[in-house]
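Read through the structure below, which is laid out as structure tokens, and then see the notes.
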Amino acid sequence: MKPSTTCCPKTPLPWNEPAVGGRWSRRSLLLTAGTLPVAAVALPALAARSQEAAVFIRRMVDRALEILSRTDRSREARIAELERLLEEATDLDLIAKLVLGAYWRKATPEQRRRYLQLFRKMIRRQIAANISRYDGQRIEIVGSRDIDDRDIMVRTLVYDSKRDAPYRIDWRVRHSDGRFLIIDVVGEGVSLLITKRKEFGEIVSAKGIEGLLTAMARKIEGNDDPPRARS
Amino acid sequence: MRLARIPTVLLVLGLTLAGPARAEENNGDPFEPFNRAVFAFNRVVDGLVLKPASELYGLTVPGPAKTAVANLLDTLRAPVVFINDLLQGERERAGITLSRFMINGTLGFFGLFDMAAEFGYVRHREDFGQTLAVHGVGEGPYLVLPLLGPSNPRDAIGLLVDSFLFDPMGYLASTRARTLRTATSAVVTRYELGPSLDELERTSLDFYAALRSVYRQRRQAEIRNGAPPSDAGYEDIFDETFDDMLSEDAPAVE
């Protein structure tokens, strides 16, 4: 681990501070779905792309919260809608490949196909398992920042009535072919992508790609019956 | 209770420091079999004691009282945070910690209410492990400590220094008071981490490997005081290209 001077600024980045023209723009702070068109026009051309990414996250998050809060609809219908949203908002194939990393190249075409299928299934099971957990959390967009010429990080704060302090979720968004797609979710500094990558890497190095695929299939079966919950 | 653990901790540290100093291979976890055994032991203890206690705490203690307990623990912790703020050269954050201690210790009824947050002094945490990291000390090999969980030599030393050198309660309070505080802190921490831990366990293929990665990432984030992942390792991942996936042998995904 390097000392923090080069790679990791010890002082909080400007997204924790009032807007003073730092790298992070906080203009999107008050963006809500309703004010989108107005705000999009009013935003300065400066950092336009990162602003657009913030708007994209706002829109996706609002849609997810909308689906989650429609408890009058059937559980199956909501799961199906969330899965559609997931396909639309994220680059699941790229995420799956980045999780496997170098092992992707070593996998046979047949293994790759099975891996992508299992990966999708696992994510879907998680959605199904978590759908009843939504409990009125609010999400606020704090700001967004260009990482490089492809990726943007959008910072959000989640307010949960059961917790004293909000927690941070950063969304890594890739801009390609004129559209935005989520490629990582970082909760309180913990990247889902890295966590999965380390975990899968450990399994592959011990048991090979076939071992990983078996473990994934077993996990999916184990979760086959997500908590039917409350009714 | 904590004193009795010191020799064990020191023994483990001695073992590890004598081992390979930097182990990029083995996932930075050269003692994995040993760690996995301790991990399994910890989970048994957790299931028998800590988890039930934290669930009982969650069910029986009303929300405002939970907040008060968390605030009190935070106020008791403030001196350690303050010292580490200073040692990291973070004078502004040290000022915040001091202000919080003064305000919450008086207006906040001995720390039961977080009045300081109303004044804009938001809580943060520091420990000597982070201080060491700021001054360039590497984390060393991953370690799972009995009862204490995920750690490494740097953070374990940090914990010892914080507990026995920096913490005024170590000098001022009775053993009973300190034990009570340690136990409360353990239950509250377990309660607060509960949902995240359960989620991680439910969604992981290898809970041990997943938790190891999460621990390291959390520590890195804490050391960077909440800055987003900016270490080279994280960015490298996204530079990977999968040109081969565009070729004809790439799987067609429906």
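None of these values were measured; they are calculated from a predicted model. Below, read A as the first sequence line, B as the second, and so on, with proteins coming before strands; counting in each chain starts at 1.
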query = Does the gap between the ring centers of Y103(A) and F200(A) come in under 6.0 Å?
reply = no
task = Please work out which of the three classes, parallel, tilted or perpendicular, describes the rings of F119(A) and Y115(A), given edges at 30° and 60°.
result = tilted
query = Looking at CD of E83(A) and CD of E88(A), how far apart are the two atoms once the value is rounded to the nearest 0.5 Å?
reply = 14.0 Å
message = Return the NZ to OG distance between K219(A) and S204(B), rounded to the nearest 0.5 Å.
response = 5.5 Å
query = Among K66(B), E199(B), E92(B), E192(B), who wins on heavy-atom pairs under 4.5 Å with chain A?
reply = E199(B)
key: Pair Q217(B), T195(A): side-chain N/O donor-acceptor within cut-off below 3.5 Å   = yes
Interchain contact, A165(A) with chain B, by part (heavy-atom threshold 4.5 Å) = neither
ask   = In terms of heavy-atom proximity below 4.5 Å to chain A, should E32(B) be classed as side chain, backbone, both, or neither?
value = side chain
request  = Find the one option among L211(B), D114(B), V214(B), N71(B) whose heavy-atom pairs under 4.5 Å with chain A are most numerous.
outcome  = V214(B)
message = With a 4.5 angstrom heavy-atom cut-off, is it the side chain or the backbone of R123(B) that approaches chain A, or both, or neither?
response = neither
request  = Please flag which part of L98(A) lies under 4.5 Å from any non-hydrogen atom of chain B: side chain, backbone, both or neither.
outcome  = both
query = Out of curiosity, Y215(B) OH to Y142(B) OH, how far, rounded to the nearest 0.5 Å?
reply = 8.0 Å
query = Between R174(A), E202(A), M122(A), which has the largest tally of heavy atom pairs under 4.5 Å with chain B?
reply = E202(A)
key: Most contacts with chain B, counted as non-hydrogen pairs under 4.5 angstrom, among R197(A), R150(A), M216(A)   = R197(A)
